[in-house]
Amino acid sequence: MEQVTDRHLAAFHDALGAWFEAHRRPMPWREADETGVRNPYRVWVSEVMLQQTRVDTAVPYFERFMEAFPTPEALASADQDAVLKRWEGLGYYSRARNLHRAAQQIVAEHGGAFPADEDAVRALPGVGPYTAAAVLSLAFGQPLAVLDGNVIRVLARVFAVEQDSRAPVTRKALQDLATGLLDRERPARFNESVMELGATVCTPRSPACAVCPLATVCAARAGGDPEAFPVVSKRKPVPHQTVAVALITDGDGRLLIQRRPEDAMLGGLWEFPGGKVEPSETAPEACAREVAEELSLSVDVGPEVARVDHAYSHFTVTLHAFRCTLSPEAPPAGTSGEPVSASGEPVQWVRPDQLDDFAFPRANRKILDAIQAASRQPSLF
DNA sequence: AAAACGTGGTC
DNA sequence: TGACCAAGTTT
């Protein structure tokens with residue numbers, strides 16, 4: 001790895017800074033007030049949304065979120081269901097749950113004002129080293145260098161970092177590099193300019209080196225193969241799972257949904273009952289078994305009305321969705337015939353027109369879309 | 001340290 | 001199309 005030189009400092013502060021001022025993309029959270037100050041709450045919400053998420057994806061979510069929860073107080077006093085509904089489709093839902101809890105912490109411990117102290121910011125749930133540095137530099141002008149995927153890529157290329165960029169020891173070296181390069185007079189411009197360069201010029205594939213303000217100091221470009229950096233270790237192959245889903249209707253055409261535990265994947269979202277198909281059973285068998293185990297409910301499993309493939313971050317699934325009706329026979333011994341969640345989570349019968357009021361995982365939305373597309377009858381149930 | 005944690009865009 | 005990856009954090 002090369003060392004930081006005055007040429008590097010000049011390139012990152014002057015050439016890159018000038019480039020950024022000419023190419024800075026407007027974003028809603030970048031707007032400042034009359035005194036040129038950004039709202040820390042808005043910056044914070046945007047940074048959490050931007051974790052592992054592209055700007056274009058985050059923008060509409062940000063607008064809708066700020067409309068519903070314009071202040072920490074508004075977010076703190078909202079129901080978690082309302083917060084998750086605004087987050088529906090954005091993924092990594094612990095971000096929304098943590099944001100909600102953090103807002104309550106800001107109200108309880110900081111009088112509703114986003115703290116400007118690094119330790120206090122880091123104490124907020126869902127705020128790690130990146131987000132703390134981002135909010136404190138962008139909204140408060142504090143001299144902290146951010147290290148995100150963009151910065152890693154830019155620095156790994158400029159300094160030809162051969163080590164695995166995902167290894168903690170490499171991350172620390174890159175963080176030190178970023179801190180050493182930081183323009184302490186203009187930390188906000190520095191951080192945003194490196195990230196903006198990484199997002200629009202120094203891209204993972206086909207970087208636009210011809211227009212890059214750092215090209216003159218870039219070791220990877222000098223080496224002829226900038227795409228060789230950053231060096232990343234291979235990830236594990238993802239397993240596949242088969243899941244049976246029960247679309248249970250009652251006599252009034254309502255559907256049964258249940259809320260997922262907060263500490264689980266997709267925690268706090270609503271879904272149709274179901275579960276994993278074991279190797280020893282068929283999908284319809286698994287459907288009936290899961291409903292009996294989870295809800296103490298006896299159902300007749302009807303036709304498969306949708307089949308959905310979905311990719312999560314660490315596994316893939318095929319969902320088999322079956323139309324189910326309550327069994328006319330007597331309910332299982334010791335049960336009332338009303339659904340009761342074995343895990344203690346809320347369960348609810350809902351009319352089809354009420355489904356949009358609940359936050360569902362994408363895979364469950366795909367099931368609904370498949371049914372409606374196939375039947376052309378939204379009132380199928 | 002390594003795995004868990006969503007979704008959509010891209011080639 | 002499957003694999004990679006995106007303004008990361010938590011356990």
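Bear in mind the structure is a predicted one, so any value in this text is a computation, not a measurement. Each chain gets a letter, A, B and so on, in the order the sequences are listed, and its residues count up from 1.
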- Aromatic contact, Phe69(A) with His100(A) (centres under 6.0 Å):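 Ring-ring flag for Phe69(A)/His100(A): false, centres at least 6.0 Å apart.
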- Item | Phe360(A) ring center near Phe272(A) ring center (under 6.0 Å) |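 That pair passes the under 6.0 Å test.
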- Item | Distance-only donor-acceptor test, Tyr92(A) side-chain atoms vs dG6(B) base atoms, 3.5 Å |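 Side chain to base: pair present.
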- Item | Distance-only donor-acceptor test, Thr53(A) side-chain atoms vs dG8(C) base atoms, 3.5 Å |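 Absent.
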- Electrostatic pair Arg289(A)-Glu293(A), nearest N-O below 4.0 angstrom: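 Salt bridge between Arg289(A) and Glu293(A), a charged N being under 4.0 Å from a carboxylate O: yes.
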- Message: Can you tell whether the side chains of Glu196(A) and Arg24(A) come within less than 4.0 Å, N to carboxylate O?
- Response: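 The answer is no: the pair does not qualify as a salt bridge.
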- Pairwise P distance, dA7(C) and dA4(B) [rounded to whole Å]: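 So the two P atoms sit 24 Å from each other.
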- Task: Between dA3(B) and dC4(C), how far apart are the P atoms? Round to whole Å, please.
- Result: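 One P to the other, the span is 15 Å.
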- Query: 5'-most contact on DNA chain C: Arg54(A) or Arg122(A), nearest heavy atom basis?
  - Reply: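 Comparing both residues, the 5'-ward one is Arg54(A).
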- Using heavy atoms to find the nearest nucleotide of DNA chain C for Leu124(A) and Leu138(A) separately, return the residue whose nucleotide is more 5′.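 Final value for this comparison: Leu138(A).
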OP1, OP2 of [N] versus side-chain N and O of [X]: anything below 4.0 Å?
| X | N | answer |
| --- | --- | --- |
| Arg95(A) | dG8(C) | no |
| Arg205(A) | dG9(B) | no |
| Gln51(A) | dA7(C) | no |
| His310(A) | dT7(B) | yes |
| His314(A) | dA3(B) | no |

NA contact type, [X], heavy-atom cut-off 4.0 Å: base, sugar-phosphate, or nothing?
| X | result |
| --- | --- |
| Val146(A) | nothing |
| Thr131(A) | sugar-phosphate |
| Gly89(A) | sugar-phosphate |
| Thr57(A) | nothing |
| Ala167(A) | nothing |
| Arg153(A) | sugar-phosphate |
| Leu266(A) | sugar-phosphate |

Spacing between [X] atom [atom1] and [N] atom [atom2], to the nearest angstrom:
| X | N | atom1 | atom2 | answer |
| --- | --- | --- | --- | --- |
| Asp263(A) | dT11(C) | CG | C1' | 13 Å |
| Phe190(A) | dA7(C) | CZ | P | 16 Å |
| Glu262(A) | dT11(C) | CD | P | 13 Å |
| Asp309(A) | dG2(C) | CG | P | 9 Å |
| Arg30(A) | dA7(C) | CZ | P | 12 Å |
| Arg97(A) | dT9(C) | CZ | P | 16 Å |
| Tyr130(A) | dT10(C) | OH | C1' | 18 Å |
| Gln52(A) | dA4(B) | CD | C1' | 12 Å |

- Message: Reading DNA chain B from 5' onward, which residue's closest nucleotide shows up sooner: Val169(A) or Pro361(A)?
- Response: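 In this pair, the answer is Val169(A).
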- Query: When the nearest nucleotide of DNA chain B is assigned to Ser313(A) and to Lys366(A) on a heavy-atom basis, which residue is associated with the more 5' position?
  - Reply: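 Its nearest nucleotide being more 5', the pick is Ser313(A).
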- Say whether, by atom type as modelled, one donor and one acceptor occur between the side chain of Asp79(A) and the main chain of Asp81(A) under 3.5 angstrom.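 No, Asp79(A) side chain to Asp81(A) backbone: no donor-acceptor pair under 3.5 Å.
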- Query: What do the steps show when you test Glu192(A) against Arg38(A) for salt bridge (Lys or Arg N to Asp or Glu O under 4.0 Å), and what is the final call?
  - Reply: CA-CA 14 Å; Glu192(A) 285 194 302; Arg38(A) 292 194 216 177; 2.6 Å; yes
- From the options Arg362(A), Gln241(A), Arg365(A), Lys366(A), select the one residue that forms a side chain to side chain donor-acceptor pair (under 3.5 Å) with His310(A).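 One option only clears the test, and that one is Lys366(A).
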